[in-house]
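Please read through the structure below; I'll follow up with questions.
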2 protein chains.
Amino acid sequence: MDKKPTVYDVAREAGVSIATVSRSLRTPNAVRATTRQAIRTAIDRLGYVPSGSAQSLAARRTNSIALFLPTIDELDSLSDFELATVDEANMVIDRPTHHVVARYDSLYFDTVLRGCELEAWRQGLSLVVSLGMGHSDADISHVVNDVSGKVDGIIVLARSIPDHMLEALHRRRPLVMIASSPTAHEGEFDLVRVSNRKGMSAWWDISSTRTTLPESLHDRPGRLPRQRQTLRGFCEALTLRGLNPAAAPIYRGQFSQRTAFDITSTLVEQDQLPEALICANDQMALGALTALRRAGIAVPDRVIVTGFDGITETDTSNPRLTTVKQPMLELGRAAVATLVKRVDTPDAPAMSTELPVTVLLRESSEGVLPDA
Amino acid sequence: MDKKPTVYDVAREAGVSIATVSRSLRTPNAVRATTRQAIRTAIDRLGYVPSGSAQSLAARRTNSIALFLPTIDELDSLSDFELATVDEANMVIDRPTHHVVARYDSLYFDTVLRGCELEAWRQGLSLVVSLGMGHSDADISHVVNDVSGKVDGIIVLARSIPDHMLEALHRRRPLVMIASSPTAHEGEFDLVRVSNRKGMSAWWDISSTRTTLPESLHDRPGRLPRQRQTLRGFCEALTLRGLNPAAAPIYRGQFSQRTAFDITSTLVEQDQLPEALICANDQMALGALTALRRAGIAVPDRVIVTGFDGITETDTSNPRLTTVKQPMLELGRAAVATLVKRVDTPDAPAMSTELPVTVLLRESSEGVLPDA
DNA sequence: TTGTACGCGTTATCAC
DNA sequence: GTGATAACGCGTACAA
């Protein structure tokens with residue numbers, strides 16, 4: 001493993017010119033079979049790998065795109081990592097701490113990433129991923145600048161990098177933003193997103209014939225946009241059906257399974273249980289389900305329960321939970337597809353793609369399931 | 001947004017030479033403050049971004065590393081992605097299907113990725129991520145080859161790339177492998193991993209004074225290594241304490257919450273409940289917990305329950321679940337740290353780092369908690 | 001402190 | 001078919 005071999009080395013080894021080597025890699029048909037074979041041999045005798053940098057430089061495109069994801073957690077441990085084999089296991093007495101679990105968000109980003117990768121792969125693109133922003137602006141713009149130079153275009157998730165940097169970034173590189181709700185950047189650059197309002201509307205059909213209780217949405221910093229959207233969609237649906245949104249009781253479950261459990265239990269005790277529990281996320285719905293099961297209340301016969309998000313646990317709960325699945329994978333794919341288009345036609349007007357949610361009808365709302 | 005501006009454009013705009021522009025970016029102190037300022041102005045008037053390709057080419061290093069992750073799911077939807085705004089929500093009647101949920105694995109990879117990113121960020125490296133392998137060998141080697149050319153080194157998770165490609169890859173680029181169990185590649189190249197046996201041993205201490213029932217490990221294709229390790233560690237721990245592994249009943253919970261629920265319920269009905277349920281993953285432990293709660297059996301007073309993996313749900317279950325957390329984030333960080341070392345000193349002997357698991361003692365095994 | 005000129009490894013356009 | 005050779009955009013001795 002001396003110096004990295006180059007085309008010159010391969011050319012010499014195979015007794016041809018560098019032009020032929022290059023050709024045999026890019027347009028194999030334009031090269032005689034025997035020479036091609038000689039070159040192949042030389043290549044893997046030497047362990048030659050074409051320099052991506054040189055290729056990109058010559059071709060004026062990197063065939064790479066960048067993806068910026070927000071990160072909420074794990075950002076403090078900035079000490080040097082000590083490389084050492086430790087012979088024992090750590091043992092920690094882990095007392096309850098009522099922290100908000102950021103894992104909740106990660107589930108999304110993870111899936112978006114998969115979507116991006118899937119589509120990038122299909123398009124023959126490499127994906128440069130950056131998360132762990134949330135540092136100083138200076139650091140961020142340094143990283144963003146660095147990465148920008150290595151790619152043909154950029155995908156940003158909402159809130160992954162500060163808004164005030166977006167415009168400047170957009171002026172330097174093709175940019176696509178993935179947002180879960182309307183943003184201030186409407187029409188400014190390409191947008192891919194999902195309408196939570198439509199999701200709520202559709203999902204509402206599940207229990208439209210019943211009195212409802214939306215279990216909803218504690219104001220958590222940084223998550224307001226989605227919450228508002230969801231809530232508004234819910235109210236809209238109510239109104240459309242001639243119900244007064246203000247009349248539907250709304251409880252704030254803080255997105256927490258435990259809190260939802262407590263609220264539901266209390267409702268049961270006070271005999272105030274409505275005919276449907278419409279929960280703003282799956283965790284709360286699962287909590288409600290548990291409370292109802294413990295109280296011996298039949299779901300969906302006595303109460304319908306629905307969640308929101310489509311986390312995997314909803315498929316194994318008892319009963320399985322009707323929920324609304326966000327098209328996270330599709331968001332990723334759409335973003336890449338959009339970016340590719342944008343790179344090809346830089347001057348086209350900004351596109352905006354809106355993806356539908358999927359309502360998964362399951363046993364927790366069986367009462368309104370069509371007889372399939 | 002005409003043609004991308006280059007150093008030459010900036011130099012002309014600022015009335016200096018390209019060398020000065022370059023310097024003002026890399027060694028600002030070597031440039032007079034006023035010229036530096038002029039250059040800054042020119043740079044953002046033009047929206048100049050240094051070409052990563054050219055930089056890498058000139059510097060002979062890319063400051064990028066690649067990460068290969070395995071993917072188990074989502075690999076079939078290879079149709080073109082249709083960019084269109086759909087105005088309705090999908091509605092799906094989702095009947096139960098007893099598929100194995102690959103999400104289980106994803107949780108790991110996601111965290112490893114975060115670890116890599118975290119450390120890469122600190123080291124000023126870009127991270128090129130590839131998953132979605134599981135295609136034809138030809139496709140894989142094409143992607144691998146392509147990516148190799150763009151990076152200084154590569155991190156592979158076990159089973160992300162076919163074993164027979166690893167050696168060749170290693171001969172071309174610095175390579176670090178993250179494995180959750182011993183592999184055939186011992187000493188061949190750099191390795192970062194976690195010992196599940198030690199994890200099991202440590203964790204065993206939790207309930208060492210009681211009769212135990214390991215709830216364990218259905219043979220699922222592709223996951224055998226970890227399972228065997230875990231099981232062996234468990235048996236070792238038993239033996240160390242003078243117990244006969246063969247005498248400890250082992251039930252196969254298929255890694256499924258539901259199955260574990262059923263098994264536990266059955267044990268209760270048949271009055272065969274042991275004093276501890278040692279589950280091979282958290283999902284099963286949660287299932288057991290639910291069954292016990294429903295049966296009105298006190299945890300941990302009557303039975304101790306422990307899980308394995310440290311998924312977030314274990315922190316919100318009732319009671320919270322004692323479990324063994326795999327150091328996934330640290331694996332990622334260690335891998336990057338190792339790779340950086342390797343790139344700096346290509347000829348050093350292969351290193352092997354083994355990371356400790358963390359046993360999280362919580363209420364589901366409160367009986368044996370030290371009085372903290 | 002600043003400018004000149006060459007090299008980095010490929011691709012692509014010519015001739016041959 | 002194959003071989004010279006000029007870009008590609010930047011870093012960096014070496015000069016000035």
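The analysis underlying the following values was restricted to heavy atoms, covering all of them including side chains, and did not include hydrogens, waters or symmetry mates. So you know, we letter chains A, B, ... as the sequences are listed, proteins then strands, and number each from 1.
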- Should we count CD of B/Gln123 as having more than 12 external heavy atoms under 6.0 Å?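 Check passes, neighbour count above 12.
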
- Message: Under 4.0 Å, heavy atom to any atom of DNA chain D: which of residues 12-21 of chain A qualify?
- Response: A/Val16, A/Ser17, A/Ile18, A/Ala19, A/Thr20

- Nearest-Å distance for atom pair OH/C1', residues B/Tyr8 and D/dG11: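 After rounding, the gap between these two atoms is 11 Å.
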
- Rounded distance (Å) that lies between atom P of C/dT1 and atom CD1 of B/Ile39: 13 Å

- Message: Once side-chain contact (heavy atoms from CB on, under 4.5 Å) is applied, do any residues pair with A/Ala19, and if so which ones, sequence neighbours excluded?
- Response: A/Ser17, A/Arg23

- Task: Find the distance A/Arg61:CZ to C/dA12:P and express it as a whole number of Å.
- Result: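 In whole Å, C/dA12 P and A/Arg61 CZ are 12 Å from each other.
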
- Do any side-chain nitrogens or oxygens of B/Gln55 fall under 4.0 Å of OP1 or OP2 in D/dG11? yes

- Message: Need one value for A/Arg26: base, sugar-phosphate or nothing, where a base atom within 4.0 Å counts as base even if backbone is also close, heavy atoms only.
- Response: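 The residue A/Arg26 makes sugar-phosphate contact but no base contact.
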
- Query: When we call it a touch if two heavy atoms are under 4.0 Å apart, what does B/Ser22 touch: a base, just sugar-phosphate, or nothing?
  - Reply: base

- By nearest-nucleotide position on DNA chain C, the 5'-leaning member of B/Ala58 and B/Thr34 is B/Thr34

- Message: Quick one, B/Leu131 and B/Phe109 - any side-chain contact, counting heavy atoms below 4.5 Å?
- Response: no

- Task: Find out whether A/Asn63 and B/Lys150 are in side-chain contact, i.e. whether some heavy atom of one side chain is under 4.5 Å from a heavy atom of the other.
- Result: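 A side-chain contact exists here, since the closest heavy-atom pair is under 4.5 Å.
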
- Item | B/Arg23 CZ - D/dA16 P separation (whole Å) |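 Rounded to the whole Å, the gap is 15 Å.
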
- Taking the side chain of B/Thr6 as its heavy atoms from C-beta onward, which of C/dT10, C/dT2, D/dC10 lies nearest to it? D/dC10

- Look at all strands and tell whether A/Thr35 reaches a base, only sugar-phosphate, or nothing, counting heavy atoms closer than 4.0 Å.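 Sugar-phosphate, backbone atoms only, no base.
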
- Message: In this structure, how many angstroms lie between the P atom of D/dG9 and the NZ atom of B/Lys4, rounded?
- Response: 9 Å

- Between C/dT10 (P) and B/Asp146 (CG): distance, integer Å: 13 Å

- Strand-adjacent residues in residues 43-51 of chain B, judged by heavy atoms under 4.0 Å from DNA chain D: B/Tyr48, B/Pro50, B/Ser51

- Which whole-number value in Å describes the distance from B/Asp9 CG to D/dG9 P? 9 Å

- Salt-bridge present (A/Glu119, A/Arg122; N to O < 4.0 Å): yes

- Task: Would you mind reading off the distance between B/Leu57 atom CG and D/dA7 atom C1', rounded to a whole angstrom?
- Result: 13 Å

